[in-house]
Amino acid sequence: MESKSLISFAVLVGVLTVGSPLFAHHGSAAYKPDKVIVLKQATVTRFLWANPHAMVLFDVKDDKGNVSHWAGEAGSPSAVRLLGWTKNSLQPGDVITVHLNPSKFESTVGRLDKIVLANGTTLKDSPRGDRGEVSRY
Amino acid sequence: MRNLLKVCVVSLAGALLVLPYIYAQTSPKPNRGGSDTLYDKLGDTGSGGAAPRRDLTGFWAGQVAAKLNEVAPLTPWGQEQFRLHKNNGEFPVSESNDPIKGCDPLGFPRNMLFMTRGIAFAQMPGRMLELFQFNRVWREIWTDGRQLPKDVGGNSADAPDPRWYGYSVGHWEGDYTFVVDTVGSDERSWLDNAGHPHSIDLRVQERYTRVNHNTMEVTITINDPKTYTKPFVITKSSFKWIPRQDYEEQLCVPSEEAEYLKLIGDPAAHATPGK
């Protein structure tokens, strides 16, 4: 029984870790281009419809009630507008789910992959630039 | 043995517990977006009929960035310059010295290799204007038969100053290919996002061919003997006619870029206390 439990546990660990990213040489250098994390129940504090980057600032609360302040960057407004974003897409107080490429430096900053609004609408970020890296724009 | 198993289980459980709760999902992301530029959204635009004779006038959609060929081998001078350039692909934005980090101009020919979502041509007597969506920049391409300036950046009293977008002249070869030669690009501009350099001796030739009404191709050749050991074609890229004949405004706004560096660029490269 104990062996079965151990095997199950090992399988669980394997499932949880097999998706760990292989670092890719290319990419926005501060971020892990092949890894996406999901931040649930994030509360928007500020949305900047700015050039050359739209930016979303939001708070995430952990199980103990500790709040961490996050910032996510997207492409330029003209680029993400093609993906359905507008200057009114996000408002302070909106509760969203954020998918982002996290920083390699353990900071609460990332490159947005997509945002899922409370109504289920998905806002994707803009495409890569040349040579395969994530475009800063 | 039983104790060993317990130790293993406890260790693994501990390892799991220290995983941030936020890492609810990890998944490989081999590509992002990719089909959401105007160029891709336009899809197959068809030929639209025959190309008009000696006419590029209109708004054209391109990729975010041209697909680039490998550059020719660098000269020792070129290698030294390249070594000094810290691009955004290998360095965090906070450590990069890419000129566009602070909204400096892309310059030419980089603006024909990157941020090419939208370009336009406006033909005028004696000149062609090429207009760029990114930063609303234009180039003036003289077609009145004048020669390119000599000794750009030289020390003589009448030597023209280098320009971020160089000095250009153009002519038609046949009815459908417009050839543009450019000199005098400011050495502060990079050739590409990788940070490949160029010198003031750079000569660039662009060959714009209007294949049909809806398709334009451009081949760009780099000739800079001070920097590269031989001329090379850096790209052959394609543009599509934009049916609505308009494009978005896309700017690098210095004040907003500064806020970006404060909120995103600099913090991204440093650990957040307590994270």
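Computation of the quantities below employed the complete heavy-atom set of this structure, encompassing side-chain atoms and omitting hydrogens, waters and symmetry-equivalent molecules. Numbered from 1 within each chain, the chains take letters A, B, ... in sequence-line order.
- The distance from atom CD of B:E249 to atom CG of A:N51, rounded to the nearest 0.5 Å, is 7.5 Å.
- The number of heavy-atom neighbours closer than 6.0 Å to CD of B:E217, taken from other residues, nucleotides and ligands shown, is above 12.
- The minimum heavy-atom distance linking B:L263 with A:A71 is given by the pair O-CB, 3.8 Å.
- Atom CG of residue A:L82 and atom OH of residue B:Y39 lie 15.5 Å apart, to the nearest 0.5 angstrom.
- Not a single donor-acceptor pair under 3.5 Å links the side chain of A:E106 to the backbone N or O of B:A271.
- Atom CD of B:E248 and atom OG of A:S78 lie 6.0 Å apart (nearest 0.5 Å).
- With chain B as the partner, the residue from A:G110, A:P77, A:A50 showing the most heavy-atom pairs under 4.5 Å is A:A50.
- The two residues B:A268 and A:A30 have their closest heavy-atom pair at CB-CB, 4.0 Å.
- Note that the NZ atom of B:K262 and the CE atom of A:M55 stand 10.5 Å from one another [nearest 0.5 Å].
- Applying the side-chain contact (heavy atoms from CB on, under 4.5 Å) test between A:P52 and each of B:Q250, B:E257, B:M115 identifies B:E257 as the sole match.
- Rounded to the nearest 0.5 angstrom, B:I264 CD1 and A:L112 CG are separated by 7.5 Å.
- When all heavy atoms of A:A79 and B:R117 are compared, the pair lying nearest together is CB-NH2, 3.4 Å.
- The part of B:Q133 that comes within reach of chain A is its side chain, from C-beta onward, which places non-hydrogen atoms under 4.5 angstrom from that chain.
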